[in-house]
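Protein chains get the first letters and strands the later ones, always in sequence-line order, with residue 1 at the start of each. Quick note: numbers below take in every heavy atom, side chains included, and nothing from hydrogens, waters or symmetry partners.
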Amino acid sequence: MFETDKTQHKDNDSNIDEWSDADEDELAKIDFFDNGCELSKFSLECDKLLSAEGTPLQRYRPKYLIVSDFVQQYWCEQQLLYRLSPEAYLLNVSPGVDVSIEESAESKEVKERGSDVHLARELEIQVPVEVEVITKEDAWAVKFLNIQTMILAFTKGHRVAREVPVFGVPFGSGFFVYGIIDELQYNPDLHTVEILELKTRKSCYPPRKSQQDKDAFQVGLYAEMFNDLVRGMVTREMVENHLKLTLDTPLSGGIQRHIHQQNKKVKMKIFTCGDILDMVLSQMQSFTCITKGTVEYVHQESRKQISTFPMTLDQEKLRSLFLKQCEWWRGERGTVGVDVEDCWKCSYCQFAPFCEWRAVKAAESKH
DNA sequence: ATTGCTCAACGG
Ligand code: SF4
């Protein structure tokens, strides 16, 4: 009885907590449901744009994806698309209407403070070295060398490494993925490795469940990729074919010098990107698989810990989530925005005013 | 073959 009141409620507040506050005129203009309310695979205008111009993979990630792509997608696939393709968002905006696609200054500020904290933490334990990079092989060799630095640190007795790259082709997806793990912790007695993912927050309270889920997903994906390297499931050919690298040409002088400087014992030899890759692929196999991780939330202002929670790797759950995400990248299904219970996310989103997903959900809720 | 092709994560 009281519920009917709720559905009629129009929220013109700046606070977005329901679908129904979208602009009435915009809703009238967009008529997706001519043929009833069944959710067809590509009913959104943005999906039609995608199918006309190529899959997200071809268009935006022809060689490799980054872990952050999947993490953003986990948060909201529609928002990911709008970030990749502002034109997909502008489809919903009538010509002449002035609209911003910039993130708010506040949100930029919060992200910057997060970056600052992470940078400071990295500098606490490792010294950055500048290396001249000329070719893309050089650039990838540096990434591989950063993995080797972690391996060396752990064999020297260090227990913590930060900003450690991982790469691979998770779950046989056929997608090459690259990411950087915030922190790895090594226990030399048990010979185990765990992930610590630090998240800084403006708020001094723990985030909502779906945000924690997203962070657990991120840690899970890192763990899975690390483990694939440990299991020897990442091959030289995968790197070569996906990244289109020529692995057998010598790296440029700056990197050669760096390698010899780093390890004086290494014999005078000209290294190729493939040499570095082979070493890393082989050395990674001496680790054990990661089974656990921790997500830690820290208040930006006070730097005090807010909360932590453990992540136990659930490979099957992760697999099905990940492969579902891959379908979107391949253009096998349409874009899906946030669930009703997660529509609070829209209040933080720069695309809320003309978001197609929101408009459709608002229209649906009026049946 | 004019011919290239990505710093990731950052927080909500
Ligand atoms: S407004 Fe909501 S549904 Fe639309 S992109 Fe932003 S978060 Fe996703």
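- Rounded to whole Å, the distance from CD1 on A:I306 to P on B:dG12 is 8 Å.
- Note: CZ (A:R201) to P (B:dC10) measures 14 Å, nearest angstrom.
- A side-chain N or O of A:Q283 and one of A:Q148 form a donor-acceptor pair less than 3.5 Å apart.
- Inspection of the A:H118 and A:S115 side chains reveals no N or O donor paired with an N or O acceptor under 3.5 Å.
- Between A:W75 atom CH2 and B:dC10 atom C1' there is a gap of 13 Å when expressed in whole angstrom units.
- Computed from coordinates, the A:R83 CZ to B:dC10 P distance equals 13 Å when rounded to whole Å.
- Within 4.0 Å (heavy atoms only), A:E197 reaches sugar-phosphate atoms of the nucleic acid but no base atom.
- Stacking of A:K63 on the aromatic ring of A:F176 is not recorded, the 6.0 Å distance cut-off and the 45° axial limit not both being met.
- Nucleotide B:dG12 holds its C1' atom 17 Å from the OH atom of A:Y205, rounded to whole Å.
- A cation-pi arrangement is absent between A:R61 and A:W329 under the rule of less than 6.0 angstrom and at most 45 degrees off the ring axis.
- Within the 4.0 Å cut-off from OP1 or OP2 of B:dC10, at least one side-chain nitrogen or oxygen of A:K199 is found.
- With A:F322 as the aromatic partner, A:K324 does not meet the cation-pi criteria of under 6.0 angstrom to the ring centre and within 45 degrees of the ring axis.
- Judged by distance alone, the side chains of A:S210 and A:D213 never bring a donor and an acceptor atom under 3.5 Å apart.
- Nearest nucleotide to the A:Q218 side chain, out of B:dA9, B:dG12, B:dG11: B:dA9.
- At a non-hydrogen distance threshold of 4.0 Å, A:G114, A:S115, A:H118 from residues 112-128 of chain A come into contact with DNA chain B.
- Between the side chain of A:E109 and the base of B:dG11 there is no donor-acceptor pair of N/O atoms closer than 3.5 Å.
- A donor-acceptor contact under 3.5 angstrom links the side chains of A:T246 and A:E137, judged on distance only.
- Every salt bridge (charged side-chain N to carboxylate O under 4.0 Å, His left out) that A:K199 has, sequence neighbours left out, goes to A:E197.
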Notebook entry, point to check: What string of B, S and - do you get for nucleotides 1-8 of chain B, 5' to 3', if B is base contact, S is sugar-phosphate-only contact and - is no contact with any protein heavy atom under 4.0 Å?
Noted result: -----B-S
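- Atom OH in A:Y348 sits roughly 8 Å away from atom P in B:dG12 (whole-Å rounding).
- Taking atom CD of A:Q211 as the reference point, atom P of B:dC10 lies 12 Å away to the nearest angstrom.
- For A:E296 and A:Q305, the side-chain atoms include at least one donor-acceptor pair closer than 3.5 Å.
- We find that A:E316 and A:R319 are joined by a salt bridge, their nearest charged nitrogen and carboxylate oxygen being less than 4.0 Å apart.
- Whole-Å rounding puts the A:F217 CZ to B:dA9 P distance at 12 Å.
- Between the C1' atoms of B:dA1 and B:dC5, the separation comes to 15 Å (whole Å).
- For A:Q72 against B:dG11, no side-chain N or O and base N or O form a donor-acceptor pair under 3.5 Å.
- Between A:T200 and B:dG11, a side-chain N or O to OP1/OP2 separation shorter than 4.0 Å is present.
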